[in-house]
Every structure is written in C-alpha cells, then in structure tokens.
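Start at 1 and go down the list; that is how both ligands and their atoms are numbered. Along the sequence shown, residues carry numbers from 1. Not measured: the values here are computed from a predicted model.
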Amino acid sequence: MIRINFVNLVTSNSTMNKHIGILTAGGDSPGLNAAIRGIGKTALGIYNMQVTGFMDGFRGVMENRSIRMSGDNLSGILTLGGTILGTSRDKPNKMQVGGKVMDMTDVIVENYHKQHLDALVCIGGGGTQKNAFHLMKQGMNVITLPKTIDNDVCETDVTFGFDTALGIAVEAIDRLHSTADSHHRIIIVEIMGHNTGWLALGAGVSGGADVILIPEIPYDIDLVAESILKRERAGKHFSIVAISEGAISKESAQKMDILGKREEKETDDKEKQKTIQKELKNYRKKVIGNTMQLAKELEQLTLVESRVTILGHLQRGGIPSAYDRLLATRLGTACAEYLQNEQFGIMVAARGDGVEPVPLEKVVGKRKIVPLDHPWLECARRVGTCMGD
Ligand code: F6P
C-alpha cells in the first residue's frame with residue numbers, strides 16, 4: 001500500500017524534470033550502445049531529464065551499481081559493439097546471491113524508489129521483456145526496447161543486432177564456399193538463433209547455402225544426404241549446409257514431441273509453462289554436439305568428407321551494421337519521447353520506417369518463430385535449397 005502511494009507521489013508531478021534509468025540485459029548484441037546513446041542524448045538534450053545507467057542488467061539495480069549518464073559517456077559509443085553498461089542473464093525473481101537462487105524483486109523495487117526514478121528502460125530480448133513486465137506488475141514504470149541477434153521478439157518487425165549477426169554469418173558462408181569447393185567437402189556451418197531459424201534462414205538464403213536446417217522444420221537426414229548426392233551427380237563436388245543451433249531431426253522431434261512442447265509453452269498456465277521450459281532446457285543440453293553428429297552421419301551416407309564450423313559468439317561481437325545503428329537510434333530516440341509523455345508499460349516496436357508502442361502484455365511469454373509460409377522460406381525453396389523436408 002505504502003509503496004503504491006509512493007509511486008503515485010513520484011510520477012504525478014509531470015512538470016518536474018524526470019529521472020530515468022537504463023539497463024541492458026540478456027545476451028549482448030550489436031546496437032546496444034547506439035540505443036543507449038539515442039535514449040540518453042534525447043532525454044538529456046531535449047527533455048532535460050536526469051539519466052542513470054545501471055550496470056550488468058537487473059543485477060545492477062539490485063546492487064545499486066549505477067553511473068550518471070552525461071554528454072561525455074554518451075559520446076563516441078555509436079559504433080561500439082557490446083554494451084558500455086555491461087549485461088547479465090540475471091532475473092529479478094531468480095538471482096544467484098551468495099551461492100543461492102533468490103527472489104530479489106523487492107530489493108530492485110526498493111532501489112528504484114530510493115533512486116527516485118520515474119521510469120526504468122530495459123533493453124533486451126524475450127527474457128528481458130518478461131522481467132520488465134514482472135517489475136511493472138510491482139508498480140515500477142518500465143519501457144522496453146527489443147534487441148537480440150535471434151530476431152525472435154513478438155510484435156516488432158525486427159530486433160536490433162539481427163542485421164549485424166546476419167552479415168557476419170553471410171560472410172562466413174561466403175568464405176567457406178571456396179574452401180569447401182577446393183577440398184570437395186561438405187561444410188556444415190552452425191548458426192545461432194536459439195530455438196528459431198531467422199538467422200540460419202536469412203544467412204543461408206543470402207549466402208547461397210545448399211541446405212538450410214531450422215528448428216521450425218525438423219529435418220530428415222536421408223533427404224539431406226540425397227540432396228547432396230544429387231549435387232555430386234550434377235558435378236558439384238561440395239556442399240554448404242547452414243544449420244541453426246536449435247535445428248532437430250524429424251526422429252528426435254517426434255520422439256520428444258519438441259514442436260508440440262514449444263507450442264504448448266505459450267500457455268498462460270504458469271506451472272505448465274515451467275514444466276515444459278524445464279523439459280526443453282534438458283533437451284537443449286542433449287542436443288549440444290548435434291551438428292558434429294550430423295556431419296558424421298552425412299559423411300557416412302554420402303561418402304563426402306565433412307567439416308564443421310560453429311560460428312558461436314562471433315555473431316554477437318564487433319561493430320554494429322549501419323542498419324542496426326539506425327534501428328537502435330530510431331527506437332532509442334522514440335523511447336525518450338514516450339518517457340516524457342509518461343507512456344509506460346510498453347515495448348517500443350519497429351513498424352515499417354516508424355515505431356509503435358506495444359503494451360508489454362502483448363509481447364511477453366511469446367516467441368516469434370519463422371512461419372512455414374514465410375517469403376524467405378518460399379524463395380529458398382524456389383532456388384532449389386534443401387530444407388530437410
Ligand atoms: O539470444 C542470443 C544468443 O546468442 C542465442 O542465439 C544463443 O543461443 C544464446 O544467446 C547464447 O547464450 P550465451 O551467450 O549466454 O551462451
């Protein structure tokens with residue numbers, strides 16, 4: 001009760017200059033600094049707000065580790081990869097503290113009030129949207145921005161970080177072509193993307209991969225081998241297979257009902273969601289090394305020598321592409337305007353060339369997967385790419 005009165009007291013005086021917090025959470029991705037700069041420069045320069053940056057995601061708010069953002073530390077960061085604020089995968093309600101997992105929500109809410117914040121901007125992917133929503137339900141004013149190289153956040157056309165990672169994966173595929181061709185090999189390139197295929201599909205189509213395997217389409221290894229043998233018969237003695245880290249064979253998908261579980265996870269039943277999440281986590285542990293296994297099996301089935309390249313965190317590092325800088329700046333500067341207008345509880349989504357505020361409850365607990373009728377899939381098939389089905 002007391003806390004609610006306090007929130008009202010702080011936010012009701014809209015003529016006062018506002019004090020906002022910013023944090024970056026989840027896996028880092030190119031464009032985070034461009035977003036921090038966009039929010040910070042607009043908030044300071046146009047709206048005369050006070051801006052505080054919290055270190056290492058939600059942990060920084062819990063531990064009250066913050067820095068005052070100014071023209072100085074917001075300058076020269078547009079082209080930097082990573083995040084000047086640091087990040088972590090810590091969740092407010094499940095944080096490792098002194099060797100124990102604890103619910104630190106109350107401490108975060110308390111620190112938010114102690115700092116006299118009017119709002120907290122949380123920049124992150126699906127997990128961060130959920131954590132921000134959780135804090136919103138505790139009375140905090142939050143606004144989120146969608147970032148992740150996976151591009152799997154709902155209700156936004158695209159997330160920042162995706163374009164840069166896509167460029168890195170495409171460059172890798174381009175380079176792997178010449179070595180695969182010279183040695184007459186199959187090269188399997190594993191691409192990030194968590195449980196969605198946006199990165200592998202986009203990179204596979206742009207890089208001209210011969211086979212693209214994504215989580216949304218469980219693959220039949222015999223069909224993949226046959227497509228490679230078909231190329232061999234046509235005189236093409238090398239093949240590039242772009243595989244998403246979350247791709248699964250038809251066999252395991254059926255055995256463990258993975259697709260069914262991924263769909264069921266979108267339920268509103270929290271307990272059911274937890275159980276399914278645990279099962280999927282266990283499954284992910286089991287599939288580590290799947291790509292190596294696939295290489296071995298393809299070599300046996302085709303008698304073509306195979307090699308594996310796992311791109312891993314290379315896809316998250318380095319300078320953001322022009323597209324990501326532009327997108328992050330668009331979302332960040334618009335975010336400052338929403339803060340000024342006290343439009344809270346929203347994610348700033350990308351819509352065409354503009355932005356749109358989307359209520360957080362429409363975003364959380366959902367994942368944007370590749371629809372089976374997506375134009376990228378259609379064009380991959382049209383140019384003869386094997387999708388493993
Ligand atoms: O969500 C971004 C991402 O890079 C995924 O593509 C990948 O599965 C995951 O993060 C890796 O996480 P971490 O950096 O914690 O190992």
Query raised in the report: What is the ring orientation for W376 with F162, classed by angle as parallel under 30°, tilted 30 to 60°, or perpendicular over 60°?
Result: parallel

Report task. Kindly state each residue pair satisfying salt bridge (charged side-chain N to carboxylate O under 4.0 Å, His left out) with at least one member in residues 309-328, sequence neighbours excluded. Result ->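 Counting only pairs at least two positions apart or across chains, the salt bridge (charged side-chain N to carboxylate O under 4.0 Å, His left out) contacts touching residues 309-328 are D28-R316.
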
Requested in this report: Could you list the atoms of ligand 1 found under 4.0 angstrom from a heavy atom of G193?
Outcome: 6 (O)

Query raised in the report: Near H313, which atoms of ligand 1 are under 4.0 Å from a heavy atom of that residue?
Result: 13 (P), 14 (O), 16 (O)

Is any NZ, NE, NH1 or NH2 atom of the basic residue among [X] and [Y] found under 4.0 Å from an Asp or Glu carboxylate oxygen of the other?
| X | Y | answer |
| --- | --- | --- |
| R185 | E299 | no |
| R351 | E155 | yes |
| D56 | R65 | yes |

Query raised in the report: Among the heavy atoms of Q315, does any lie under 4.0 Å from an atom of ligand 1?
Result: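 Under 4.0 Å: no for Q315.
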
Query raised in the report: Non-hydrogen atoms of G125 versus ligand 1: any pair closer than 4.0 Å?
Result: no

Report task. List in chain and number order the residues that pass ring-ring contact (aromatic ring centres under 6.0 Å, His included) with Y338, two or more places apart in sequence or in another chain; answer none if no residue qualifies. Result ->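 For Y338, no residue satisfies ring-ring contact (aromatic ring centres under 6.0 Å, His included) once neighbours in sequence are set aside.
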
Query raised in the report: Out of H194, E245, R89, R316, who gets a non-hydrogen atom closest to atom 7 (C) of ligand 1?
Result: E245

Query raised in the report: Any N or O of M192 that comes nearer than 3.5 Å to an N or O of ligand 1?
Result: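 No, M192 has no N/O under 3.5 Å of an N/O on ligand 1.
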
Report task. With heavy atoms under 4.0 Å as the rule, classify the contact between L199 and ligand 1 as side chain, backbone, both or neither. Result ->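 Looking at L199 and ligand 1, no heavy atom falls under 4.0 Å.
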
